[in-house]
Amino acid sequence: MRMSELFSKTLREAPTGADCKGYEYLLRAGYIQQLAAGLFDLLPLGFKSIHKIEAIVRDEMERIGAQEVLMPLVNPADIWKETGRFYSIDKEMSRFVDRNERDMVLAMTHEEAATDMGRAQIESYKRLPRLIFQIQTKWRDDPRPRAGLIRVREFTMKDSYSFDKDQEGLEKVYKNHYDAYFRIFGRCGLPVIAVGSDSGMMGGKVAHEYMYLSPIGEDTIINCPACGYTANRQVATFSKTYYPAEPKAKELVATPEAKTIEELCAFLNIKPEQTAKALFMVGTFINDQNGEEEDKLIVGLVRGDMDVEESKLQNAARANSLRPAHVEEIQAAGMEPGFGSPIGCKKGTIVIVDDSAAKSSNLVAGSNKAGFHYLNTNYGVDYDGQVADIASAADGYLCPVCHKPLRASKGVEVGNIFQLGTRYSEAMNCYFQDETGVRKPVIMGSYGIGIGRLLACLAEQYNDEGGLKLPVSVAPYQVHLVSLVKDAATSERIYEELQAAGIEVLYDDRAESAGVKFADADIIGIPIRLTLGNRCLKEGKIECRLRTSGQTSNLELEGLVSEIRALIESLMPRA
RNA sequence: CGGGUAGUAGCGCAGGGGCUAGCGCACUUGGUUCGGGACCAAGGGGUCGGAGGUUCAAAUCCUCUCUGCCCGACCA
């Protein structure tokens, strides 16, 4: 590609709002351009990189036996009604009616469409297992897109769907994905870790997320440096200490102005672990069959030295969604914010008690009368409720496996794998006959990688003051040829030779000063820069500089192609 | 959806009732320069986000509204 003909241009200054480096450079280097909130154009350079990533993904997916398909972005609402997700998913899924008044949706994922394909194609165990994948557009009307390509509304995703006759088969294909994903990210050059995760709206039990650890991430990952235990904070467990004792009778005590645990502890001169903390949420419960919604107040109770993890609370309560409760709602259920506890709450309130509180005795808890707390409250005596782990793991807490301190870090989710089981196949009647003639639901899995987000993470991982420096496996071109000589004949010849040899070259043939060309080369960040200058040329040489290391050497023009080939090979990230 | 912040040239910004709306970069033309964002000269480019209002006069004041970004809520 000649830079004199390149569609995009570089920007000297970062557009306002480019808050992280990777995003800033993708904009400034002319890889992407914003169209609206969460909507981005891929310019030629960015699209080249995306194609490279997709090629790696295809290669690795086909290697584990996946067959590429393409499902429509627009789905009839019917199949989403079959699984209930038409009702359970809120405004994040966009809906419309076609000219015949038929309900349609823009697919935010393709479990329904894939299951529909499966039920048409699979009737016997002889046609199992099967694995399909696609690289396709998703639309998710996220309320708050941010950080460039990290969180967008329209994006490209590689999603695969597995069909198996038994759990053993599912586990095998799951493991294949687990490994393939590491090869994919490895070949792209992105360091990731796999963490145990919440299955969220996907349903199913076993799930992993692939996290790129970075401060720009929105997920919190809990990790044990000692034994390697790693999980998303949404599901991370930790080792809790309990404080059981002989239960005493509860006792009302005036605690004016002591609304928080801190104030309470200071007032009563006690420690946080001697108290119980209540969090009030309103959960929405949706009938999957008809879409009818019901709101219920949920009280989450943890010991005062911990916090409630809302994802855990939502799962324990089996709520479809959670939001903080309004003061009036809390009071309507017979409780008082700031002095709240499940003691004496109205029937119909869902009470979830963390085991930390349930297994500790004589805690100070709210009395539900403003200005008063109870001393010596005990689970099973003063209040009841479902006991579950709803406490949030945090930095310094103890590992559930080896009891050493845990560490918390931020990460971006670039991929996920789910064992779906039969949630979709049962709901959508995707059954097969086994060897004995018994009809069984197909066992499914689903597996995703956000392609654009992967590029965003790579841009974040690979940049310096000068701009981008993507690995050669995903950079838009392999070689950036900069001509500084007046007579273009030699550089033209080199350009032709490299291209003829199948090397991908961005050729700066513009009439710009050396400084401008170098600055553009730096920001675009092609891994190998070849500079043809008058000095070198006289000796029959060309300067070769590596973007990442800055390492510079002069190569003979004679045999340049094979030299560059070898160099590209040596720079290629390994899985 | 709440809180904050900003919309003036392609990008970054200044101007805050008054005459022709400005600066840097980018762009065009001519000349000089030519290995790290060159220099000189001459140019082109604007519904000041939109609508309504106040006023002799609005980019500027008022009302409404749209959009972007940040924090939160939300999120595979």
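Naming: A, B, ... by sequence-line order, numbering from 1 per chain. The shown structure was predicted, so the numbers you read here are calculated from the model rather than taken from an experiment.
The separation of C13(B) from G7(B), taken at their P atoms, amounts to 9 Å, rounded to a whole angstrom. If you take atom P in G12(B) and the same atom in G49(B), they sit 14 Å apart, rounded to whole Å. Comparing the P positions of G24(B) and A41(B) gives a spacing of 12 Å, expressed to the nearest Å. Atom C1' of G4(B) sits at a distance of 38 Å from the matching atom of U20(B), rounded to the whole Å. Across the C1' atoms, C39(B) and U47(B) are found 37 Å apart, a figure rounded to whole Å. For the P atoms, the distance linking G36(B) with A51(B) amounts to 50 Å, nearest Å. Nucleotides G22(B) and A59(B) are separated by 12 Å at their C1' atoms, to the nearest Å. The C1' atoms of G45(B) and C27(B) are separated by 9 Å, rounded to the nearest whole Å.
One N or O donor and one acceptor, one from the side chain of Arg151(A) and one from the base of C75(B), sit under 3.5 Å apart. Glu13(A) contributes a side-chain N or O that forms a donor-acceptor pair with the base of G24(B) under 3.5 Å. For Asn534(A) against G35(B), no side-chain N or O and base N or O form a donor-acceptor pair under 3.5 Å. Evaluation of atom-type donor-acceptor distances gives a pair under 3.5 Å for the side chain of Arg529(A) against the base of G36(B). Applying the 3.5 Å distance criterion, the base of G35(B) shares a donor-acceptor pair with the side chain of Glu543(A).
Of the candidate nucleotides G36(B), C74(B), C11(B), G36(B) has the atom lying nearest to any side-chain atom of Arg545(A). Among the nucleotides C13(B), C71(B), G35(B), the one closest to the side chain of Thr16(A) is C13(B). Checking C75(B), A26(B), G36(B) against every side-chain atom of Asp142(A), the shortest atom distance belongs to C75(B). Taking every side-chain heavy atom of Asp520(A) into account, G37(B) is the closest of G35(B), C74(B), G37(B).
One interatomic measurement links the two molecules: CZ of Arg547(A) to P of G36(B), which rounds to 17 Å at whole-angstrom precision. In this structure, the CG atom of Leu43(A) is 17 Å from the P atom of G10(B), given to the nearest Å. Here the P atom of nucleotide G37(B) and the OH atom of Tyr25(A) are 17 Å apart, to the nearest Å. If you take CG of Asp141(A) and P of C75(B), they are 14 Å apart, rounded to a whole angstrom. Atom CG of Asp219(A) is separated from atom C1' of C74(B) by 13 Å (rounded to the nearest Å). Whole-Å rounding puts the Asp522(A) CG to G36(B) C1' distance at 8 Å. Distance CZ (Arg510(A)) to P (C27(B)): 9 Å, rounded to an integer number of Å. Distance, Leu484(A) CG to U33(B) C1': 14 Å, rounded to whole Å.
Within 4.0 Å of Asp159(A), counting heavy atoms only, lies no atom of the nucleic acid at all. Pro15(A) comes within contact range of the sugar-phosphate backbone alone, with a heavy-atom separation under 4.0 Å but no base atom that close. Across all strands shown, Gln33(A) has no heavy atoms under 4.0 Å from either base or sugar-phosphate atoms. Within the nucleic acid shown, Phe155(A) comes within 4.0 Å of at least one base atom, counting heavy atoms only. No engagement by Ala511(A) is indicated, since no non-hydrogen atom pair under 4.0 Å with the nucleic acid exists. Heavy atoms of Ala519(A) sit under 4.0 angstrom from at least one base atom. Contacts of Gly533(A) with the nucleic acid, taken as non-hydrogen atoms under 4.0 Å apart, include base atoms.
Classified by interplanar angle (parallel below 30°, tilted 30° to 60°, perpendicular above 60°), the ring pair Tyr210(A)/Tyr181(A) is tilted. Using the six-membered ring where Trp is involved, His208(A) and Tyr174(A) have ring planes that are tilted, between 30° and 60° apart.
Residue Ser446(A) has no polar side-chain atom (N or O) positioned under 4.0 Å from OP1 or OP2 of A76(B). A sub-4.0 Å separation between OP1 or OP2 of C69(B) and a side-chain N or O of Gln34(A) is present. Residue Arg12(A) has no polar side-chain atom (N or O) positioned under 4.0 Å from OP1 or OP2 of C11(B). OP1 or OP2 of C71(B) lies within a sub-4.0 Å distance of a side-chain N or O belonging to Arg144(A). Side-chain nitrogen and oxygen atoms of Ser513(A) include at least one within less than 4.0 Å of the OP1 or OP2 phosphate oxygen of A38(B).
Across every strand in view, C69(B) sits in a pair with G4(B) that passes the Watson-Crick or G-U test at under 3.5 angstrom. Taking a pair to require two hydrogen-bonding distances under 3.5 Å in either a Watson-Crick or a G-U wobble arrangement, U32(B) pairs with A38(B). Base pairing annotation: G45(B) forms no Watson-Crick or G-U wobble pair, as no partner gives both donor-acceptor distances under 3.5 Å. The pairing partner recorded for G24(B) is C11(B), the criterion being a Watson-Crick or G-U wobble arrangement whose two distances lie under 3.5 angstrom. Across all strands shown, nothing is found opposite C19(B) as a Watson-Crick or G-U wobble partner with both distances under 3.5 Å.
Where Glu310(A) and Arg28(A) each meet RNA chain B at their nearest nucleotide, the meeting point lying more 5' is that of Arg28(A). Take the nearest nucleotide of RNA chain B for Val516(A) and for Asn416(A): the residue whose nucleotide is more 5' is Val516(A).
Side chains of Ser491(A) and Tyr507(A): a donor on one and an acceptor on the other come within 3.5 Å. In this structure, a donor-acceptor pair under 3.5 Å is present between the side chains of Asn416(A) and Glu413(A). Under 3.5 Å, the side chains of Thr220(A) and Lys410(A) contain a donor-acceptor pair of N or O atoms. A donor-acceptor pair shorter than 3.5 Å can be found between the side chains of Gln419(A) and Gln167(A). Between the side chains of Asn176(A) and Tyr178(A), not a single donor N or O lies within less than 3.5 Å of an accepting N or O.
You'll find the side chain of Tyr23(A) reaches within 4.5 Å of the side chain of Gln34(A), heavy atoms only.
Taking the charged nitrogens against the carboxylate oxygens, Asp179(A) and Lys175(A) do have a contact shorter than 4.0 Å, which makes a salt bridge.
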